[in-house]
Structure formats: structure tokens, C-alpha cells
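A short write-up of the structure that comes next.
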Amino acid sequence: PHHHPPQGDLLLAMTFSNDLWDKFDDVCKRISNGKNFTGSYSKFLKKHAEIESNYAKSLSRLCKEKAFAPELELGTVKQAWVVYREELDAIAQQHEALSQKMAQQAEAVQSYLAEAKKTRKALVANGQKIIAELKKAETTESKAKANHESLRKKNDEAEDEADKVAHIDWDDRLMRRGSRETRKIRKWPPLYDPSLRK
């Protein structure tokens with residue numbers, strides 16, 4: 001069976017170069033998902049706070065209802081009835097306190113989201129700028145490599161040509177060329193014809 005490392009160990013094992021290089025869009029998506037979840041969590045808290053507050057008010061009104069006439073003679077049950085209603089009213093107050101804390105928490109989360117939005121927007125813009133510069137640098141590097149390879153091939157060809165030239169027997173070639181030139185000169189008409197003086 002395959003054993004997967006615990007989630008905490010997996011996160012510790014992650015590195016930027018192995019797991020986040022060229023993953024800017026994935027990081028932005030993850031941040032956006034976190035923002036959406038946090039917003040949903042804040043709305044959930046607010047709704048829960050409203051439910052708790054309404055429940056508290058309903059309990060409190062129930063305890064104060066005169067229709068249940070606590071002043072009636074109830075015998076030995078009266079004291080228990082009074083304590084029961086007092087405890088229920090105390091529970092209503094606790095629910096109201098919980099409602100207020102939840103409302104405060106929801107408001108704090110909303111404030112955090114508003115502040116984080118500016119920071120997140122600036123970070124995303126900066127990240128996009130860095131990625132654009134990185135792509136530009138990669139393009140420049142690629143062109144430089146291609147140019148270097150082209151120049152290297154030309155240099156290799158020039159060296160090969162120089163090696164060929166270095167091995168040529170120039171004395172032999174000059175002698176053969178000189179012989180050809182001499183033959184050409186002999187075929188030319190004389191520049192001076194003594195018979196023309198007569």
C-alpha cells in the first residue's frame with residue numbers, strides 16, 4: 001500500500017522552485033478561493049448572529065409572557081416554575097451575547113477583507129509585472145543563444161576555411177599562374193613595330 005505523508009509534512013516539503021515556479025496563476029486562483037471562502041464565512045457568521053439574536057428575543061419574550069400567570073397558586077410546583085423561567089431568561093441573554101460576538105467577528109472579517117483587497121491587488125499587479133519582465137528576459141536570452149550559435153557556426157566555418165588555405169602550396173600555384181600569364185603575353189601583338197618607321 002502507498003503511504004502518503006501527513007498534510008503538514010507535505011506542506012513543509014514543498015518549495016517554490018519545485019511547486020510554485022511558473023504557477024503564478026494557480027497561486028492567484030488559490031488566493032481568490034480563499035477570499036471567496038472568507039467572504040462566505042463572514043456572511044455565515046452574520047446570518048448565525050441574526051438567528052441567535054432572534055432566538056434570544058423569542059426566549060426572552062416567552063419568559064415575560066403574562067399569559068402563563070406565574071402569580072397563580074401552583075403549590076409546590078411554583079418555585080420550580082419560577083426558577084425554570086429565570087434560567088430560560090438567562091439562556092436567552094447568553095444567546096444574545098453570543099449573537100453580538102458573532103456579529104463583531106463577522107464585521108472584523110469584512111474589515112480584513114476590505115484591507116486585504118488593496119494589498120492583494122497590489123501584489124497581483126506586481127507579480128504580473130515580474131512575470132512580464134521574466135518572459136521578456138527569457139525571450140532575450142533565447143535570442144542571444146540563437147545568435148551565439150549562429151556566430152559559433154560561422155566561426156567554425158571560417159576556421160575550416162583558414163585551415164584549407166593554410167595547407168595550399170602557394171609556390172606551386174604562383175608558378176603555374178606565372179606560366180599562364182607568360183603564355184598570354186606572348187600571344188599579345190607587339191607594342192612597337194620597327195617596320196612602321198620605313
Side-chain angles (χ1 to χ4, degrees), residues 1-140:
H2 296 285
H3 297 284
H4 298 285
Q7 187 69 17
D9 294 342
L10 181 61
L11 291 176
L12 291 175
M14 294 177 68
T15 61
F16 177 82
S17 59
N18 292 331
D19 302 286
L20 294 178
W21 190 259
D22 290 339
K23 296 292 191 300
F24 181 74
D25 291 338
D26 293 341
V27 173
C28 289
K29 183 178 180 181
R30 175 66 176 170
I31 292 174
S32 179
N33 290 340
K35 178 198 70 174
N36 294 336
F37 169 76
T38 305
S40 297
Y41 170 69
S42 175
K43 292 177 181 178
F44 183 88
L45 278 179
K46 186 176 180 181
K47 189 66 177 178
H48 190 180
E50 292 175 357
I51 292 172
E52 289 289 345
S53 180
N54 292 333
Y55 181 56
K57 289 181 176 64
S58 296
L59 285 179
S60 183
R61 284 195 300 269
L62 178 62
C63 294
K64 293 179 175 62
E65 280 286 343
K66 296 196 179 287
F68 297 104
E71 67 276 3
L72 294 177
E73 179 60 43
L74 300 176
T76 56
V77 180
K78 181 177 181 179
Q79 187 59 32
W81 176 248
V82 171
V83 170
Y84 169 62
R85 293 181 65 173
E86 289 175 352
E87 289 296 324
L88 191 59
D89 188 58
I91 291 174
Q93 294 176 14
Q94 291 176 4
H95 278 282
E96 182 60 33
L98 177 61
S99 170
Q100 292 176 3
K101 288 182 179 181
M102 286 184 171
Q104 292 173 358
Q105 184 67 27
E107 185 177 349
V109 172
Q110 285 295 330
S111 297
Y112 164 76
L113 283 176
E115 293 176 4
K117 181 179 181 180
K118 298 178 182 178
T119 304
R120 183 173 60 254
K121 186 176 181 180
L123 289 174
V124 169
N126 188 46
Q128 291 173 339
K129 180 181 177 182
I130 292 174
I131 287 178
E133 292 175 351
L134 177 61
K135 290 182 177 179
K136 183 178 179 180
E138 288 176 344
T139 301
T140 302

Donor-acceptor list for residues 90-109 side chains, cut-off 3.5 Å, not counting sequence neighbours:
from, atom 1, to, atom 2, distance (Å)
Q93, NE2, D89, OD2, 3.2
H95, ND1, E52, OE1, 2.4
E96, OE1, S53, OG, 3.3
S99, OG, A49, O, 2.6

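When atom types are taken as modelled, the side chain of S32 and the backbone of C28 share no donor-acceptor pair closer than 3.5 angstrom. A side-chain donor-acceptor contact under 3.5 Å links N54 to the backbone of E50.
Distance OG1/T38 to CD/Q110: 10.0 Å, rounded to 0.5 Å. Interatomic distance, CD of E138 versus CD1 of I131, reported as 10.0 Å (0.5 Å rounding). In this structure, D26 CG and N33 CG are separated by 10.5 Å, a value rounded to the nearest 0.5 Å. If you take CZ on F44 and NZ on K47, they are separated by 11.0 Å, rounding to the nearest 0.5 Å.
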Between K117 and L113, does the side-chain contact (heavy atoms from CB on, under 4.5 Å) criterion hold? Intermediate values first, please. CA-CA 6 Å; K117 181 179 181 180; L113 283 176; over 6 Å; no
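Judged as a side-chain hydrogen bond (donor to acceptor under 3.5 Å, both in side chains), and not counting sequence neighbours, the contacts of S60 are K64.
Contact detail for E65 and R85: the closest heavy-atom pair is O-NH2, 3.2 Å.
Note: Y41 and F37 have parallel aromatic rings, judged against thresholds of 30 and 60 degrees for the angle between ring planes.
T119 is not listed as a side-chain neighbour of E115, based on a closest heavy-atom distance of 4.5 Å or more.
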